[in-house]
Amino acid sequence: MAGRDADARRHRRRGRIINPLKGALWWVADYAYAAYWQVRATFGRTDARSFSSGDAAHIIVLPGVYETWRFMQPLITALHERGHPVHVIDGLRRNQRPVAEMAEQVAGFLEAEDLSDVILVAHSKGGLAGKLVMTGRAAGRVRSMLAIATPFGGSRYARMIPVRTLRAFSPDDPSIVGLARQLDVNTRIVSIYAHFDPHIPEGSELAGAKNVRLDTGGHFRILAHPRVLAELAVLAG
C-alpha cells in the first residue's frame with residue numbers, strides 16, 4: 001500500500017512538470033488577465049444588487065486575497081445570465097483579513113439574508129473561507145462549493161513573503177493545517193485548478209473532493225475557463 005501511494009505521488013509530480021517556455025507564456029498571460037481585471041474592478045460602478053435576481057440556486061461569490069467582487073464580475077455575469085441570484089459581501093472588501101474573520105462575515109450574511117441551499121463559488125483564498133463556513137454554524141445553509149485555484153494545502157512560496165496576509169498561506173500555518181483536518185465536507189466540494197499555477201506549486205487537489213485539473217496554466221485566468229461554468233451547472237442540477 002505504501003509503495004502504491006509513493007508511486008501515485010511521483011506520478012502526480014511528473015504530471016506537473018511543464019516546458020519552461022510554456023510556463024513562462026502561461027505566467028505572462030495570467031498576470032495580463034489579472035492586471036486588466038484589477039483595473040476594471042477599480043473603476044467599475046456596477047451595482048451588486050443587479051445580480052441578485054433569478055430562480056436558480058443562490059450563489060455566494062468569494063473572491064481571493066486583494067480582490068474585490070468586481071474582479072470576478074465576468075463570472076458573476078455569466079452565472080446570473082444562467083438564472084442564478086448571485087450575492088456578494090461588500091464587507092469582505094479586498095479580503096486581507098484572516099480566513100476565520102472572512103468566514104464569520106459569510107456566515108453572518110447567510111443568516112441575515114436567511115439563505116439556504118446555497119452554492120459557494122470561490123477563488124483562491126475565498127475557497128479556504130468557504131470550506132470553513134461549511135464546517136461552522138452556517139454549514140446547513142450551504143449545499144456545495146466550487147473552489148477555483150484554492151490553496152487547500154497552502155503554498156510554500158508564502159514562507160518567503162514578509163507580509164502576514166500572504167504568509168498565512170504557508171503549508172504549516174495553523175489555519176491551513178486546521179482546515180486540512182476537516183475532511184467530512186470535502187465530498188461537497190469541487191476543486192478546479194490549472195496544470196500550472198504560479199502561486200500554488202503544490203496544486204489544489206483536495207482529498208475526497210471532485211478534483212478537476214485543467215490542461216492550462218494560471219491562477220487568475222482560469223476564472224474564465226468554460227469548465228468552471230460546466231462544473232457549476234452540475235452542482236446546480
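Being a predicted model, the structure only gives us computed values, none of them experimental.
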Start with the C-alpha distance between Glu67 and His123, add both sets of side-chain angles, then the distance that settles side-chain hydrogen bond (donor to acceptor under 3.5 Å, both in side chains), and finish with yes or no. CA-CA 9 Å; Glu67 298 171 5; His123 180 232; 3.0 Å; yes
Contacts satisfying salt bridge (Lys or Arg N to Asp or Glu O under 4.0 Å) that involve residues 138-155 (not counting sequence neighbours) are Asp114-Arg141, Asp117-Arg143
Suppose clustering is done on Ile, Leu, Val, Met, Phe, Trp and Tyr with side-chain heavy atoms closer than 4.5 Å. Which residues sit in the same group as [X]?
{"X": "Val234", "value": "none"}
{"X": "Phe43", "value": "Val39"}
{"X": "Ile200", "value": "none"}

Side chain to side chain donor-acceptor pair (under 3.5 Å) partners for Arg167, two or more places apart: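 For Arg167 there are no side chain to side chain donor-acceptor pair (under 3.5 Å) partners, ignoring immediate neighbours.
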Answer yes when Arg164 and Asp173 have at least one side-chain N-carboxylate O distance shorter than 4.0 Å, and no when they do not. yes
Tyr157: partners by side chain to side chain contact (heavy atoms under 4.5 Å, CB included), with sequence neighbours left out: Ser155, Met160, Pro201
Partners meeting side chain to side chain contact (heavy atoms under 4.5 Å, CB included) with Arg159 (sequence neighbours left out): Arg156, Ser170, Pro171, Asp172
Check: [X] side chain, [Y] main-chain N or O, donor-acceptor pair, under 3.5 Å:
{"X": "Gln182", "Y": "Met134", "answer": "no"}
{"X": "Arg70", "Y": "Thr46", "answer": "yes"}
{"X": "Asp197", "Y": "Gly203", "answer": "no"}

Report the relative orientation of the aromatic rings in His199 and His219; use parallel for angles under 30°, tilted for 30 to 60°, perpendicular for over 60°. tilted
Tell me every residue that passes salt bridge (Lys or Arg N to Asp or Glu O under 4.0 Å) with [X], counting only those two or more places apart in sequence or in another chain.
{"X": "Arg227", "result": "Glu231"}
{"X": "Glu81", "result": "none"}
{"X": "Glu101", "result": "Arg97"}

Run the ring pair (Phe, Tyr, Trp, His ring centres under 6.0 Å) test against His84 and tell me which residues pass, sequence neighbours left out.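 His84 satisfies ring pair (Phe, Tyr, Trp, His ring centres under 6.0 Å) with no residue once adjacent residues are dropped.
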Output all residues satisfying ring pair (Phe, Tyr, Trp, His ring centres under 6.0 Å) with His80, sequence neighbours left out; order by chain, then residue number. Phe51
For Asp55, is the CG atom crowded, meaning more than 12 foreign heavy atoms sit under 6.0 Å from it? no
Val228 vs Ile222, test: side chain to side chain contact (heavy atoms under 4.5 Å, CB included). Steps then yes/no. CA-CA 8 Å; Val228 172; Ile222 63 168; 5.6 Å; no
Apply side chain to side chain contact (heavy atoms under 4.5 Å, CB included) to residues Phe71 and Phe220 and explain how you reach the verdict. CA-CA 10 Å; Phe71 185 78; Phe220 303 104; 3.8 Å; yes
